[in-house]
Protein chains: 2
Amino acid sequence: MNVLEICRQKLQEGGLRLTRQREQILAVMCEHQGEHLTREGISNLVQQEYPSVGKATVYRTITVFEKLGIVSRNNLDERVRYELADPAQAHEHHHMICLACGKIAEMRGDFLETQEQILLRDYGFHVVNHQLKFYGYCRDCAKEQEL
Amino acid sequence: MNVLEICRQKLQEGGLRLTRQREQILAVMCEHQGEHLTREGISNLVQQEYPSVGKATVYRTITVFEKLGIVSRNNLDERVRYELADPAQAHEHHHMICLACGKIAEMRGDFLETQEQILLRDYGFHVVNHQLKFYGYCRDCAKEQEL
DNA sequence: ATCTCTGCAAATAATTTGCATTACG
DNA sequence: CGTAATGCAAATTATTTGCAGAGAT
């Protein structure tokens with residue numbers, strides 16, 4: 001089942017509709033898979049390809065997509081950013097953010113599970129999700145800075 | 001050496017001045033130590049205690065304080081938040097954010113060091129800092145939701 | 001005395017909302 | 001057909017900036 005159908009189904013489950021605009025916005029998100037875009041950025045991209053789509057529609061759609069888990073939100077940066085949610089949510093990813101060039105790379109790893117059990121035991125805190133960012137210098141920038 | 005003197009010194013090192021307003025803003029941050037405040041929130045608190053201080057001054061001051069490491073910034077939430085920087089930066093802390101009541105709790109732990117070594121080895125990424133947030137339900141809210 | 005800092009108000013940036021119209025299911 | 005969704009423009013919210021005067025060192 002492809003992204004579009006998953007999207008249609010999730011919308012229908014909530015009594016919502018898959019409109020032409022929502023398809024187009026989804027298409028743009030697909031074309032930029034892996035990028036971390038602000039709503040404004042998404043809006044600009046959409047308007048390049050589909051100039052008839054209003055900015056407010058993009059903003060409203062991202063909100064809907066987020067609620068349905070179609071896109072995932074992160075605030076790795078100054079501004080909140082979105083990316084197409086990983087269809088196989090199973091394996092989570094973390095981010096490495098280069099302080100020099102700003103590049104955001106992803107890495108995989110489930111090494112927080114033990115810690116989550118500790119949180120439950122020690123604080124009674126039930127973890128449902130987490131977000132981990134490493135700030136530093138990527139290989140290229142580290143070289144330039146002679147680190 | 002107290003916070004105020006540390007602040008004065010850091011300012012002076014940068015050729016900056018410790019004005020009455022900056023002292024007052026610092027005082028407010030001290031009174032709300034441990035809280036995670038937006039710049040707007042800080043501005044409101046300042047204006048309650050010191051109505052003569054302009055909003056723009058608060059915004060500009062927080063920016064200065066951040067650059068000097070007097071306050072630390074986090075984007076755990078929708079909006080960027082600030083807190084008085086831990087003078088003993090040595091032991092780092094992570095955050096648990098309750099999805100129900102919004103409360104942000106802190107926890108300590110240095111369990112990411114191994115992972116940082118792996119990042120350097122596998123990706124050539126030099127970590128200088130990191131941020132970890134756990135989202136979930138705090139003890140009280142978990143009880144209400146019968147988790 | 002010098003040069004940073006301040007308050008104000010206006011400017012900008014980012015997002016939300018009201019409403020009449022369109023179009024999905 | 002009924003109701004959710006859209007586009008537009010106006011409204012809101014959050015933050016930044018220009019500038020003339022005040023104040024710290």
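Order of the sequence lines sets the chain letters (A, B, ...), proteins ahead of strands, with each chain counted from 1.
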Item to complete: Show your working on salt bridge (charged side-chain N to carboxylate O under 4.0 Å, His left out) between R20(A) and E23(A) and close with a plain yes or no.
Response: CA-CA 5 Å; R20(A) 199 189 69 248; E23(A) 274 189 41; over 6 Å; no
Worksheet item: Looking at CG of L45(A) and CD of E31(A), how far apart are the two atoms once the value is rounded to the nearest 0.5 Å?
Response: 8.5 Å
Worksheet entry | Distance in angstrom units between L26(B) CG and dC5(C) C1', rounded | 17 Å
Discussion item. Would you say Y59(A) places a side-chain N or O within less than 4.0 Å of OP1 or OP2 belonging to dT15(C)?
Written reply: yes
Item to complete: Assess whether side chain to side chain contact (heavy atoms under 4.5 Å, CB included) is satisfied between L68(B) and L11(B), documenting all intermediate values.
Response: CA-CA 7 Å; L68(B) 297 176; L11(B) 285 165; 3.5 Å; yes
Worksheet entry | Backbone of V80(B) reached by a side-chain donor or acceptor of R73(B) within 3.5 Å | no
Worksheet item: Tell me: OH of Y50(B) to C1' of dG7(C), nearest whole Å?
Response: 18 Å
Item to complete: May I ask you to decide if the ring planes of H130(B) and F134(A) are parallel, tilted or perpendicular, using 30° and 60° as cut-offs?
Response: perpendicular
Worksheet item: Roughly, in whole Å, what's the span from CZ in R22(A) to C1' in dA5(D)?
Response: 6 Å
Worksheet item: Same hydrophobic cluster for L120(A) and F125(A), using side-chain heavy-atom links shorter than 4.5 Å among ILVMFWY?
Response: no
Response to the item:
In whole angstroms, the gap separating P of dG25(C) from CD of E23(A) amounts to 9 Å
Item to complete: Pick base, sugar-phosphate or nothing for S52(A), based on heavy-atom distances below 4.0 Å to the nucleic acid.
Response: sugar-phosphate
Would you tabulate the nitrogen or oxygen pairs shorter than 3.5 Å linking the protein to nucleotides 17-19 of chain D?
{"residue": "dG18(D)", "atom": "O6", "partner": "R60(B)", "partner atom": "NH1", "Å": "3.4"}

Worksheet entry | Q47(B) side-chain N/O to V53(B) backbone N/O, donor-acceptor pair under 3.5 Å | yes
Discussion item. Pick the closest DNA chain D nucleotide for V80(B) and for V58(A) by heavy atoms, then say which residue is nearer the 5' end.
Written reply: V58(A)
Discussion item. Please confirm whether the shortest side-chain N or O distance from R39(A) to OP1 or OP2 of dA14(C) is below 4.0 Å.
Written reply: no
Worksheet item: Just how far is it from atom CZ of F65(B) to atom NZ of K10(B), taken to the nearest 0.5 Å?
Response: 11.0 Å
Discussion item. Using 30° and 60° as the class boundaries, would you call the ring planes of H36(B) and H95(B) parallel, tilted or perpendicular?
Written reply: perpendicular
Item to complete: Sugar-phosphate means primed atoms, P, OP1 and OP2; the rest is base. With that split, encode nucleotides 20-25 of chain D 5' to 3' as B, S or - using protein heavy atoms under 4.0 Å.
Response: ---BBS
Fill in: Spacing between L11(B) atom CG and dT6(C) atom P, to the nearest angstrom
10 Å
